[in-house]
Amino acid sequence: MIMNTTNNIKTLFALPFAGGSVYSYRPLQVLLPKNLNFISLELPGHGQRIREPLLTDLDAMVDDILTQMRPDLDGSPYAIYGHSMGGLLSYLLLHRLGSVGVPLPVHWVVSGARSPSRIHRSRRQATLSREAFFSVLNRLEGLPREVLADRELMNFFEPILRADFQAVDDYQHRARPPLTIPLTVLHGTNDQMVNDAEIAGWATEVTGETEFFRFSGNHFFISTHAIEVARIFEHILILPDHV
């Protein structure tokens with residue numbers, strides 16, 4: 001059963017995964033209702049902002065994301081979504097919103113992400129050798145194999161990805177009070193980067209209802225199951241003039 005939201009959500013902010021750009025969620029966006037204001041947020045040094053210096057600190061990333069969001073925070077109900085690194089960014093962002101007097105979203109969605117309290121890294125990924133780092137990327141299956149095999153393309157993408165991985169590597173968790181909003185968590189059954197216990201930990205981050213959905217697939221199941229994921233979003237958002 002998919003929980004419904006009755007707050008007439010018209011805006012969905014999508015936070016980027018490592019290496020992601022404003023175009024990364026396009027396969028999902030095109031399947032969602034046209035009357036949804038889908039805002040894909042982009043970090044410096046990525047996509048359309050490629051000429052800006054890369055960030056390697058999650059708090060600095062959250063500062064940048066909040067600056068991007070402010071013009072569209074007009075007091076009307078909205079939702080927040082983040083995949084992988086975007087899930088961790090969304091967690092930090094939501095706790096930042098309260099401290100700056102911005103109302104929380106009426107719904108929160110994360111996918112392919114460890115619960116913040118379950119992030120324990122025995123080895124830093126950003127400082128791996130090129131061969132080992134590319135092996136991690138290959139397991140994630142977020143880049144086509146032909147891109148990974150193209151030295152020129154990877155000379156371009158590698159520093160972007162390493163900057164994002166460094167930000168996550170440096171994350172130090174501290175306990176925060178649970179958020180009073182409903183949460184939906186999506187997970188790929190063959191995701192080698194996130195296990196079931198790390199997914200289950202998200203339930204402790206909210207006092208609102210938490211709902212979990214599992215999909216066959218790897219870390220980027222959101223691409224192979226875009227139609228099913230979009231259907232979940234539609235039920236969550238419930239745009240009255242669409243349904």
Side-chain angles (χ1 to χ4, degrees), residues 14-32 38 40-52 54-56 61 81-90 109-114 119 121-171 185-196 198-199 213-233:
L15 278 62
F17 48 80
S21 74
V22 72
Y23 306 107
S24 297
Y25 291 119
R26 185 66 178 162
L28 172 62
Q29 181 180 357
V30 297
L31 295 170
L32 292 172
F38 188 103
S40 188
L41 302 166
E42 189 167 65
L43 294 170
H46 298 63
Q48 296 176 348
R49 304 179 66 186
I50 194 64
R51 295 184 182 277
E52 299 178 44
L54 289 162
L55 300 177
T56 57
M61 290 178 176
Y81 167 56
H83 178 75
S84 195
M85 181 183 78
L88 179 56
L89 284 171
S90 68
V109 184
V110 297
S111 62
R114 294 180 175 92
I119 295 178
R121 292 198 182 280
S122 57
R123 187 178 184 186
R124 295 177 62 85
Q125 294 181 312
T127 55
L128 293 172
S129 68
R130 195 172 210 235
E131 181 181 0
F133 187 64
F134 283 16
S135 177
V136 170
L137 298 178
N138 188 50
R139 291 202 306 274
L140 287 172
E141 298 186 39
L143 288 172
R145 292 184 185 277
E146 56 269 26
V147 172
L148 278 168
D150 188 314
R151 177 173 291 273
E152 186 174 343
L153 276 176
M154 288 311 299
N155 284 342
F156 173 78
F157 283 116
E158 185 179 356
I160 298 171
L161 288 160
R162 284 190 185 272
D164 290 344
F165 275 66
Q166 181 180 334
V168 177
D169 282 348
D170 289 343
Y171 175 70
V185 182
L186 313 179
H187 175 43
T189 56
N190 298 319
D191 189 340
Q192 298 183 43
M193 307 303 291
V194 186
N195 63 42
D196 289 346
E198 291 166 339
I199 287 292
F213 292 92
R214 291 166 61 87
F215 295 85
S216 62
N218 56 38
H219 191 64
F220 281 94
F221 68 91
I222 58 172
S223 296
T224 54
H225 291 279
I227 293 175
E228 296 96 320
V229 171
R231 194 168 296 135
I232 289 174
F233 271 96

Next item on the list: Using the test side chain to side chain donor-acceptor pair (under 3.5 Å), find all partners of Glu146 that sit at least two apart in sequence or belong to another chain.
Entry: none
Notebook entry, point to check: Would you say the side-chain atoms of Tyr25 pair up with the backbone N or O of Leu15, donor to acceptor, closer than 3.5 Å?
Noted result: yes
Checklist line | Residues forming a ring-ring contact (aromatic ring centres under 6.0 Å, His included) with His225, sequence neighbours excluded | finding: Phe215
Margin query: Would you compute the distance between atom CZ of Arg162 and atom CG of Leu54 and round it to the nearest 0.5 angstrom?
Written below: 13.0 Å
Item checked: Heavy-atom closest contact (Ala113 atom, Ser84 atom, distance) -> CB-O, 3.5 Å
Next item on the list: Find the distance between CZ (Phe134) and CG (Leu143) and round it off to the nearest 0.5 Å.
Entry: 9.0 Å
Margin query: What I'd like to find out is whether the side chain of Ile222 reaches to under 4.5 Å of the side chain of Leu28, using heavy atoms alone.
Written below: no
Checklist line | Interatomic spacing from CZ in Phe221 to OG1 in Thr224 - rounded to 0.5 Å | finding: 8.0 Å
Notebook entry, point to check: What is the minimum heavy-atom distance between His219 and Leu140, and which atoms define it?
Noted result: CD2-CD2, 3.4 Å
Check: Closest approach of Pro159 and Asn155, non-hydrogen atoms and distance?
Finding: CD-O, 3.3 Å
Next item on the list: Take atom CZ of Arg151 as the centre, draw a 6.0 Å sphere, and report whether it contains more than 12 heavy atoms from other residues, nucleotides or ligands.
Entry: no
Check: Looking at CG of Asp164 and CG of Asp169, how far apart are the two atoms once the value is rounded to the nearest 0.5 Å?
Finding: 11.0 Å
Next item on the list: Determine whether Val229 and Leu31 make a side-chain contact, defined as any pair of heavy atoms from C-beta on separated by less than 4.5 Å.
Entry: no
Check: Is the closest side-chain donor-acceptor distance between Tyr23 and Ser40 under 3.5 Å?
Finding: no
Notebook entry, point to check: Where the side chain of Gln125 meets the backbone of Phe165, is there a donor-acceptor pair that is under 3.5 Å apart?
Noted result: no
Next item on the list: Specify the closest pair of heavy atoms between Ser90 and Gly87, including all atoms of both residues, with the distance to one decimal.
Entry: OG-O, 2.6 Å
Notebook entry, point to check: Short question: side chain of Glu42, backbone of Gln48 - any donor-acceptor pair under 3.5 Å?
Noted result: yes
Checklist line | Validation row: Val136, Met193 side chains within 4.5 angstrom (heavy atoms) | finding: yes
Next item on the list: Determine the minimum heavy-atom distance between Asp196 and His187, stating which atoms define it.
Entry: OD1-NE2, 3.4 Å
Item checked: N/O donor-acceptor pair under 3.5 Å between Arg139 side chain and Gln192 backbone -> no
Notebook entry, point to check: About how many Å separate CE of Met154 and CZ of Arg130, when rounded to the nearest 0.5 Å?
Noted result: 7.0 Å
Notebook entry, point to check: In terms of side-chain heavy atoms, does Asn195 have a donor or acceptor partner in Arg114 at a distance below 3.5 Å?
Noted result: no
Margin query: Please find the pair of heavy atoms, one from Ser24 and one from Pro27, that lie closest to each other, and give the distance.
Written below: O-CD, 3.6 Å
Margin query: Distance check, rounded to the nearest 0.5 Å: Asn190 atom CG versus Arg214 atom CZ?
Written below: 9.0 Å
Item checked: Partners meeting ring-ring contact (aromatic ring centres under 6.0 Å, His included) with Phe220 (sequence neighbours left out) -> Phe17, His83
Notebook entry, point to check: Going through the distances and angles, do Ile50 and Phe156 end up as a side chain to side chain contact (heavy atoms under 4.5 Å, CB included)?
Noted result: CA-CA 10 Å; Ile50 194 64; Phe156 173 78; 3.6 Å; yes
Next item on the list: Determine, stepwise, if the pair Phe213 / Ser111 fulfils side chain to side chain contact (heavy atoms under 4.5 Å, CB included).
Entry: CA-CA 9 Å; Phe213 292 92; Ser111 62; over 6 Å; no
Item checked: Gln166 and Arg124: CA distance, side-chain angles, deciding distance, side chain to side chain contact (heavy atoms under 4.5 Å, CB included) verdict -> CA-CA 8 Å; Gln166 181 180 334; Arg124 295 177 62 85; 4.0 Å; yes
